[in-house]
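Notes to accompany the following structure.
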Amino acid sequence: MTSSGRSLKLTQPGKRPVPMIESSSSETLVSGDEVKALIHWFHQYAIDYPWGDNPTPYRVWISEIMLQQTVVSAAIEHFIQWMKLFPDIMTLARADEQAVLKAWEGLGYYSRARNIHKGARYITDSHSGIIPGSYDELIKIPGIGDYTARAILSLAFSQAFPVLDANVRRIGQRLLALREWQVRDDKRLLIQLESLIPHDSPGVFNCALMQLGQILCRVRSPECSLCPLSKSCQTRTLGLQGEIPAAKKRKIKEKESTLLLLASRGTVLLTRRNKGLGKGLWFIPSVPRGTEQPLLEALTEGTAEVLTLQERVHLYTTWKERLFPFLVVLKDVSRDIPSWVLSHEDDDAAWIQVSELDSYPTPSVYRKILEEIPPLF
DNA sequence: AATTCGGGGCA
DNA sequence: TGCCCAGAATT
């Protein structure tokens, strides 16, 4: 059974524009010789990664989730540390979510970490702790979608599933010289790859394509002269490397926030988000910039001392947020929790020893601010 | 089909 | 600074 049956419905021919040039290999994307050249190129120039030499289902699963929307160099160190902390599924399933999120700190897209944690418990309960080797079962695991299921099946189980990530998609788009890439092109490309993937080494084929996209067929300034697929590449034939794929513009929303880091006798007040964006992470209480005056005055009435911390910019997905943090050292004994601190629904708040801050998962920019706290205050 | 995700790398 | 990234989930 091919891999396209479940995840991808075959579509009708449709009326998309034909490629501007009919290549000699319009049926097979690339020739059999080029596949061999690709594999040869991979064995000669491939980069070794920590997850590459021992591709167990667990290691492939974790690495593939880490690599979702994440450049390889950003994931390597987290993967190494993760395997020390959670060497197997049972250890991961027994860990608490806070520790899992802490291990993920800095990688972003934290729902990935929560999904891995949920997935480990699901695998423990429903599959006796063994990662299943079928597409239909893998796809049920939280955080595993079409790409990751295919990656696990090909890399860890040696099943002939091609993968379609940003690298492979870019290679396909350039081979066909398509100025626009539509959803149905994914299905078309996967069908083509299914006829090319070697059944004795599907993982090598997939890794070779992905590393080719990473090393030679880069988004900007690809090195076509070294590419094993250049003969079939219509983008190279047409000299359109600078135009395909076209850059996508994105819109950024801006906002400004004042952070009030309340401190009292060796502790600081943090809040944990339990819903929506940043779920499970700890934050410094904040208010929209400009609304902090009444709060500061109320706090300084209790003879608080206010230190200005370094201004920061927090970039995440569609947001650019300027942060204006202040350390508010309270002199009175009470450690009440002001109501404005709980700005989001279901927020928690807690006074935390400064010496223990390290174990609380928090977005990177908040980590930097917390590290700015002076030793004595 | 479009948007969101509380990151970081790279030219 | 803008665009991209070994995508998935949600709307």
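A note on names: the letters A, B, ... follow the listed sequences, proteins ahead of strands, and every chain is numbered from 1.
Applying the salt bridge (Lys or Arg N to Asp or Glu O under 4.0 Å) test to every pair with at least one member in residues 103-120 of chain A, sequence neighbours left out, gives these pairs: A:Lys102-A:Glu105, A:Glu105-A:Arg367. Annotation: salt bridge (Lys or Arg N to Asp or Glu O under 4.0 Å) contacts involving residues 62-82 of chain A, sequence neighbours excluded, are absent.
Across all strands shown, A:Ala151 has no heavy atoms under 4.0 Å from either base or sugar-phosphate atoms. Using a 4.0 Å heavy-atom cutoff across all strands shown, A:Trp282 reaches no nucleic acid atom at all. In this structure, A:Ser63 reaches neither bases nor backbone, as no heavy-atom distance under 4.0 Å exists between it and the strands shown.
For the salt bridge (Lys or Arg N to Asp or Glu O under 4.0 Å) test, residues two or more places apart in sequence or in another chain that qualify with A:Arg312 are A:Glu372. In this view, A:Arg170 and A:Asn167 satisfy the side-chain hydrogen bond (donor to acceptor under 3.5 Å, both in side chains) rule, not counting sequence neighbours. Residues that satisfy the salt bridge (Lys or Arg N to Asp or Glu O under 4.0 Å) test with A:Glu97, not counting sequence neighbours, are absent from this structure. Looking at residues two or more places apart in sequence or on another chain, you find no side-chain contact (heavy atoms from CB on, under 4.5 Å) involving A:Lys251.
The same atom, P, is picked in C:dT11 and in B:dG6; the two are 15 Å apart, to the nearest Å. Of the P atoms belonging to B:dG9 and C:dA8, the separation is 22 Å, rounded to the nearest Å. Taking the P atom of each, B:dT3 and C:dA6 are spaced 23 Å apart, rounded to whole Å.
Atom NZ in A:Lys140 sits about 17 Å away from atom P in C:dA8, given to the nearest Å. Taking atom CZ of A:Arg112 as the reference point, atom P of C:dA6 lies 12 Å away to the nearest angstrom. Atom CD1 of A:Ile65 is separated from atom P of C:dG7 by 11 Å (rounded to the nearest Å). Between A:Arg169 atom CZ and C:dG7 atom C1' there is a gap of 9 Å when expressed in whole angstrom units. Between the CG atom of A:Leu164 and the P atom of C:dC5 there is a distance of 12 Å, given to the nearest Å. At whole-Å resolution of the value, CZ in A:Arg218 and P in C:dC5 are 13 Å apart. Rounded to an integer number of Å, the gap from CD1 of A:Ile215 to P of C:dC4 is 20 Å. When the P atom of C:dC3 is taken as reference, atom CD1 of A:Ile244 falls 19 Å away, rounded to whole Å.
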Which atom pairs link the protein and nucleotides 9-11 of chain C when you take only N or O atoms and keep those under 3.5 Å?
unit_1, atom_1, unit_2, atom_2, d
C:dA9, OP1, A:Gly143, N, 2.7

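Salt bridge status for A:Arg150 with A:Asp146: present, with a side-chain N to carboxylate O gap under 4.0 Å.
A donor-acceptor contact closer than 3.5 angstrom is absent between the side chains of A:Gln211 and A:Tyr45.
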Name the atoms and distances for all side-chain donor-acceptor pairs under 3.5 Å in residues 336-344 of chain A, with sequence neighbours left out.
none

Nucleotides 4-11 of chain B: protein proximity per nucleotide (B base, S sugar-phosphate only, - neither; heavy atom, under 4.0 Å): SBBBSS--
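Nearest to the side-chain atoms of A:Lys249 among the listed nucleotides C:dA6, C:dC5, C:dC3 stands C:dC3.
Comparing A:Lys320 and A:Asp165 along DNA chain C, the residue whose closest nucleotide (by nearest heavy atom) sits nearer the 5' end is A:Lys320.
Remark: of the listed residues A:Thr258, A:Ile284, A:Leu261, A:Thr258 is the sole one forming a side-chain contact (heavy atoms from CB on, under 4.5 Å) with A:Phe326.
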